[in-house]
Amino acid sequence: MSERIEELEDRTRFEPPEVEPQIIERWLASGLFHPEPDGEASENYSIAIPPPNVTGSLHMGHALNGSVQDTLIRYNRMRGLRTKWIFGTDHAGIATQAQVEKALLAEGINRHELGREAFVERVWEWRAHYGGTIVEQFKRLGASCDYSEERFTLDEGYARAVMQVFVNLYEKGWIYRDRYIVNWDPGSRSAISDLEVEERRETDTLYSIRYDVEGGGSVTIATVRPETMLGDTAVAVHPDDERYRSLVGREAILPLVGRHLQIIADDYVKMDFGTGQLKVTPAHDPNDFEIGTRHELDQVSVIGEDGRMTAEAGERFAGLTVMEAREAVVAELEREGRIVAREEYEHEVPYSHRSGQRIEPLISLQWFMNMDELARPAVAAVREGRVRILPESQRRVYLDWMENIRPWCISRQLWWGHRLPVYYCETCGHVNVALSAPDACGECGGHLRQEEDVLDTWFSSALWPFATLGWPRDTPELKAFYPTNVLSTARDILFLWVARMIMMGIELTGEVPFSDVYIHSVIQAPDGRRMSKSLGTGIDPLQEIDRHGADAVRFGLLAMSSAQDVRYSAEKIQQGQALANKLFNAVRFALLRIDASLGSERAQAIEPSPSPSTVEDRWILSRLTRALADTAARIEQYDFSHAALGLYDFVYGELCDWYLEIVKQRLPDLAEAGSEDDGRQELAATLLYVLRETVAMAHPLIPFVTEELWRYLDDTGKLLVGSAYPSARENLVDPRAEAELARTIEAVTLVRGWRDSVGARAGQFVAARLCADGYELTAPLLGRLARLRLLSEDEQSQALDAVDTSPANNGDALLTHGGEASAAPAVVASIPIPGGTVEVLSGEGLDLGAAERRREATKQKLLAEIERVQAKLERPGFVEKAPAAVVEGERERLRRLRTEMEVL
RNA sequence: GGACGCGUAGCUCAGUGGGAGAGCGCUCGCUUCACACGCGAGAGGUCGCAGGUUCGAAACCCGCCGCGUCCACCA
């Protein structure tokens with residue numbers, strides 16, 4: 001026995017921790033993850049990874065998306081395409097800055113003491129220290145990214161691309177600066193975009209407050225935020241509201257402040273809500289801001305960027321937090337008797353997705369990007385199918401959002417990020433926008449000061465598929481790998497990222513950045529809640545890899561994923577682990593046997609016959625061929641759960657449970673029978689062929705165990721990751737062999753069931769006679785697998801002659817007491833199988849009474865079934881209207897059921 | 001308020017017009033010479049409810065109930 005195969009003797013289990021690190025090393029050393037840029041993108045295959053946060057760590061979302069992408073990448077690489085998985089990390093402005101700030105705070109330093117330059121320096125150090133973590137974690141998953149060209153959204157080249165885009169779009173007039181009401185996040189002390197705001201349902205108190213009207217009378221307004229009244233600059237009613245027509249044009253007096261407020265008419269006001277009178281606070285409510293713009297109202301900012309009341313709120317309130325101010329304002333209004341009512345009120349409250357703090361809408365000078373012109377071609381691309389969004393339902397979501405797109409606030413009051421290439425002249429105030437810092441103002445030659453703000457992280461992410469390949473330079477990488485083939489992600493960043501990549505890709509490169517968008521499940525905690533660190537519901541994929549192996553985690557995640565959100569299923573991971581171990585043992589078993597019998601090297605040299613002499617060999621080749629076709633089709637259709645589960649079914653349900661069980665009997669015999677060399681070679685050749693194809697087919701899904709097995713299955717020393725993906729050979733499909741084995745499998749199962757019910761011991765061979773058609777080729781298999789000692793042909797024909805086949809005896813119960821046929825053994829039981837029966841000839845040690853009870857149950861089931869099929873066939877219209885094939889099928893079924901019934 | 005999705009075995013989920021399935025769990029039996037992370041056999045389901053279309057509905061249509069997600073400027 002060869003030494004290499006001998007190693008397998010003691011490895012009765014697949015142990016991921018022992019092999020995964022070495023395999024990763026071999027893959028990385030092979031250079032196969034890095035394709036030389038060559039050819040056109042249309043003939044190559046590429047995916048740009050959603051760049052993980054540079055200081056982040058691998059979570060379930062990464063693990064699933066990594067498994068999805070790696071499956072596609074490995075599949076296409078094995079198909080022989082030049083394949084690149086573009087890899088890198090995102091600087092993740094707010095998230096990273098917050099992390100570093102927190103660490104500094106622990107040292108007792110805040111960033112302002114440090115200053116901008118030193119702070120940014122610290123973030124780079126932080127990145128150098130923690131930036132490698134997630135990269136190593138992707139490797140552990142087996143992700144075959146091109147690590148040799150890792151990109152970072154703040155790298156020099158990348159930054160040039162970002163600046164270029166800003167300047168281009170500024171010159172087009174789409175990027176502009178404006179004082180506008182924004183979502184202010186007091187947590188990160190920055191404006192954030194609409195998409196980074198999440199609404200939470202909360203119950204607050206809705207206060208009704210009476211404002212006096214100049215010259216007599218009053219209005220009553222309702223608010224959940226009494227503190228903002230300090231910034232009121234008008235009261236509004238609906239223009240059609242008869243009740244208040246006379247109020248319009250008069251003035252109300254703002255309590256506590258004394259400011260005179262115009263009473264205006266505006267369509268926005270709902271007549272049927274509350275009193276139909278609305279306080280207008282342009283500086284702290286997006287709707288009121290719009291009203292204010294329409295009516296040219298003053299904007300009084302009473303809440304500052306620090307989340308505290310400003311001086312404009314008045315001496316009594318300045319410096320208080322918003323919540324403190326609310327209490328104080330209510331108390332004062334109460335004292336003045338102006339609170340008319342308070343009631344519980346449930347509504348949506350905006351929170352920052354980033355910091356978790358309540359959003360404070362306020363007016364701020366920010367940079368915006370008008371999206372109208374960018375959106376139009378991006379809508380068309382999806383409408384026309386140049387970008388496919390899968391599943392289909394997400395297409396509508398995309399289109400709805402894109403068709404109602406609003407300007408994007410792109411400036412952030414942070415230090416970590418791409419600083420805007422905007423230079424204000426300190427002399428004339430002219431705004432200079434340029435790729436690199438000009439020496440002096442273009443207008444007056446005055447001294448320049450660069451904008452403090454940085455760009456929203458997603459601005460740079462939007463350029464990811466092409467900026468990573470060298471854009472705006474015309475590089476071979478860009479030519480070879482852009483546009484990419486598919487973008488895989490979860491739903492949550494469809495607008496935040498995917499939509500913006502499509503817009504920017506079309507605008508800047510003239511091409512869509514990818515042709516498919518695959519939106520995968522969000523994995524929820526087992527209890528259905530969101531997986532999150534703060535809830536404590538997160539499950540660490542690395543721990544799962546440690547416990548079960550990377551293959552198990554990949555398989556499990558793919559198997560549980562679908563078009564909708566799914567709960568994390570530990571069982572599916574377990575199933576993956578079982579599969580890896582099963583496959584490992586199947587190969588181990590076969591190789592040890594083959595090697596012992598004729599040496600695996602020799603066996604490998606044998607070309608498998610496309611039409612082997614045994615029916616089980618023809619059967620497994622046929623089933624394998626179907627599995628190959630199904631698996632490839634499912635991967636190409638992004639149907640990963642069925643690809644994974646289908647693989648499992650083939651390996652367990654066909655390869656191991658049946659084929660190996662059948663041929664395991666043949667292997668030791670062959671080892672001894674030197675004269676039957678042909679049969680031995682043929683079996684070894686088929687077995688090896690099937691195992692090699694199966695292992696190769698499974699590689700994209702479970703790369704580690706398959707790569708490990710390839711060492712033993714392939715003598716060339718070539719890595720499986722760089723080998724060819726097996727293709728389905730149609731000439732191996734053999735429907736007759738499939739039918740024969742299907743029948744035999746059913747028969748074996750039925751006999752086993754019978755054996756179980758009569759308490760036959762596992763190893764006990766029961767004497768029997770096969771009285772059924774369709775087992776000409778498989779009778780010996782049936783005997784071995786069902787542990788029947790079948791009479792030889794001679795004995796059988798003798799016995800058949802001897803059996804009384806008269807109708808009187810046929811319909812009788814199971815016990816056919818011999819007597820009339822003394823030459824043949826008595827039949828003690830009949831087991832119905834497809835095409836006939838197995839006649840049991842010895843009841844020794846069997847509890848035939850138990851079998852009788854079982855038979856009764858089966859009979860009842862059969863009767864019910866027969867009745868149903870009969871009713872169906874007799875139903876008016878069925879025979880006339882149903883397709884002929886269906887009718888015939890039902891008739892055939894009825895015949896079969898009746899035959900079975902007769903046997904019983 | 002709008003949109004989308006889901007409700008199938010104890011649990012997690014497949015199944016989209018013609019015999020209710022898988023994994024796990026449960027019961028029974030097996031150290032059957034690859035695997036006890038194994039093997040064999042079983043039990044378990046008014047397919048959320050109510051109508052409709054159809055010869056035929058878990059599947060298609062309508063309504064209701066329950067759950068979830070996304071979008072949205074009613075104080």
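Proteins get letters first, then strands, A, B, ... in listed order; numbering begins at 1 in each.
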So, is A:Gln564 near the phosphate of B:A14, with a side-chain N or O under 4.0 Å from OP1 or OP2? yes
For A:Arg868 and B:A20, is the shortest distance between a side-chain N/O and OP1 or OP2 below 4.0 Å? yes
Compare the minimum distances between each of B:A41, B:G40, B:C30 and the side chain of A:Thr749, then state the nucleotide with the smallest one. B:A41
Please determine whether a side-chain nitrogen or oxygen atom of A:Arg755 lies at a distance below 4.0 Å from atom OP1 or OP2 of B:G40. no
Who does B:G56 pair with, Watson-Crick or G-U, both distances under 3.5 Å? none
Look at the side chain of A:Asn585 and decide which nucleotide, out of B:C13, B:G23, B:C35, has an atom nearest to it. B:C35
A:Ser393 side chain N/O closer than 4.0 Å to the phosphate oxygens (OP1, OP2) of B:A3? no
Please table the atom pairs, donor to acceptor, closer than 3.5 Å between any side-chain atom in residues 861-872 of chain A and protein atoms at least two apart or in another chain.
| residue | atom | partner | partner atom | Å |
| --- | --- | --- | --- | --- |
| A:Glu865 | OE2 | A:Arg893 | NH2 | 2.5 |

Within the structure shown, what part of the strands sits under 4.0 Å from A:Tyr652 by heavy-atom distance: base, sugar-phosphate, or nothing? sugar-phosphate
Any side-chain donor near an acceptor of the partner, A:His347 and A:Asp204, under 3.5 Å: yes
Assess, by modelled atom type and distance only, whether the side chains of A:Glu196 and A:His353 contain a donor and an acceptor separated by less than 3.5 Å. no
Who does B:A34 pair with, Watson-Crick or G-U, both distances under 3.5 Å? none
What is the base-pairing partner of B:G7, counting Watson-Crick and G-U wobble geometry with both distances under 3.5 Å? B:C65
Using a 4.0 Å heavy-atom cut-off, does A:Ser562 contact any base of the nucleic acid, only the sugar-phosphate backbone, or nothing at all? sugar-phosphate
With respect to the phosphate group of B:C24, does any side-chain polar atom (N or O) of A:Lys572 fall under 4.0 Å of OP1 or OP2? no
Just how far, in rounded Å, is P of B:C55 from NZ of A:Lys881? 4 Å
What is the base-pairing partner of B:G40, counting Watson-Crick and G-U wobble geometry with both distances under 3.5 Å? B:C28
Letter by letter from the 5' end, nucleotides 69-75 of chain B scores (B base, S sugar-phosphate only, - none; protein heavy atoms under 4.0 Å) S-SBBBB
Donor-acceptor pair between A:Glu343 and A:Tyr207 side chains, under 3.5 angstrom: no
Do the side chain of A:Arg875 and the base of B:G56 come within less than 3.5 angstrom through a donor-acceptor pair of N or O atoms? no
Sugar-phosphate, base or nothing in reach of A:Ala578, heavy atoms under 4.0 Å: sugar-phosphate
Are side-chain N/O atoms of A:Tyr268 and A:Asp288 paired as donor and acceptor at under 3.5 Å? no
Would one find a side-chain N or O of A:Arg567 under 4.0 angstrom from OP1 or OP2 of B:U12? yes
Using a 4.0 Å heavy-atom cut-off across all strands, classify A:Arg752 as base, sugar-phosphate, or nothing. sugar-phosphate
Short side-chain N/O contact from A:Lys582 to OP1 or OP2 of B:C39, under 4.0 Å: yes
Out of B:G23, B:C55, B:C35, which nucleotide sits closest to the side chain of A:Thr12? B:C35
With distance as the sole criterion, is a donor-acceptor pair present between the side chains of A:Tyr652 and A:Asp657 under 3.5 Å? no
G-U wobble or Watson-Crick pairing nucleotide for B:U12 (cut-off 3.5 Å, both distances): B:A22
On RNA chain B, compare the nucleotides closest to A:Trp658 and A:Arg588; which residue's is nearer the 5' end? A:Arg588
Between A:Phe555 and A:Ala644, which heavy-atom pair has the shortest distance, and what is it? CE1-O, 3.1 Å
Measure the shortest side-chain to side-chain distance between A:Glu202 and A:Glu346 over non-hydrogen atoms and say whether it is less than 4.5 angstrom. no
Taking donor-acceptor contacts at under 3.5 Å, does the side chain of A:Glu9 reach the base of B:A34? no
